[in-house]
Amino acid sequence: MFSTVKDLAAEALFVSYLQPSESPTRASVEQAITMMILRHGSDGCAAGVATEFGDHPEAAVRRMAWVHAALAEVLAPPRMPVLH
């Protein structure tokens, strides 16, 4: 189940307006994912990814690499401060 949710989040972020050059925050990544899922649904997000990989494969590979890096940060457990 978790991998399906992660896959949907990746597709939604991929089709979102966010750009790596913007250095988006965790909150903006989460918001973009939610907006794209609500706007396009899971099938629409997947279709957008497929279209980009068909039309612009080199750019799509770079974007998907960024998507996975961004999701690794969002899905990582929050860091607890170290107390001395």
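Residues: numbered from 1 along the sequence shown.
Between Val67 and Ala10 the shortest heavy-atom distance is CG1-O, 3.5 Å. Shortest non-hydrogen contact noted between Phe14 and Gly48 is CE2-O, 4.4 Å.
Gln31 pairs by the side-chain hydrogen bond (donor to acceptor under 3.5 Å, both in side chains) definition with nothing, not counting sequence neighbours. Looking at residues two or more places apart in sequence or on another chain, you find a side chain to side chain contact (heavy atoms under 4.5 Å, CB included) between Ala46 and Glu11. Annotation: side chain to side chain contact (heavy atoms under 4.5 Å, CB included) contacts of Val61 (sequence neighbours excluded): Phe53. Scored by the side-chain hydrogen bond (donor to acceptor under 3.5 Å, both in side chains) test, Arg62 finds no partners at all (sequence neighbours excluded). The side-chain hydrogen bond (donor to acceptor under 3.5 Å, both in side chains) search around Thr25 returns Ser28, not counting sequence neighbours. Among residues two or more places apart in sequence or in another chain, the side chain to side chain contact (heavy atoms under 4.5 Å, CB included) test is passed with Ala12 by Ile33, Met36, Ile37, Cys45. Partners of Thr34 by side-chain hydrogen bond (donor to acceptor under 3.5 Å, both in side chains), not counting sequence neighbours: none found.
A salt bridge (charged side-chain N to carboxylate O under 4.0 Å, His left out) check over residues 20-29, counting only residues at least two apart or in different chains, returns the pairs Arg26-Glu30. Residue pairs meeting the ring-ring contact (aromatic ring centres under 6.0 Å, His included) criterion with at least one partner in residues 58-77, sequence neighbours excluded, do not occur; the list is empty. For residues 65-78, no residue pair satisfies the salt bridge (charged side-chain N to carboxylate O under 4.0 Å, His left out) rule, not counting sequence neighbours. Contacts classified as salt bridge (charged side-chain N to carboxylate O under 4.0 Å, His left out) and involving residues 38-52 (residues at least two apart or in different chains) are not found.
The shortest side-chain heavy-atom distance between Gln19 and Arg63 falls under the 4.5 Å cut-off.
The cluster map of Ile, Leu, Val, Met, Phe, Trp and Tyr, joined by side-chain heavy atoms under 4.5 Å apart, puts Val29 and Leu38 in different clusters.
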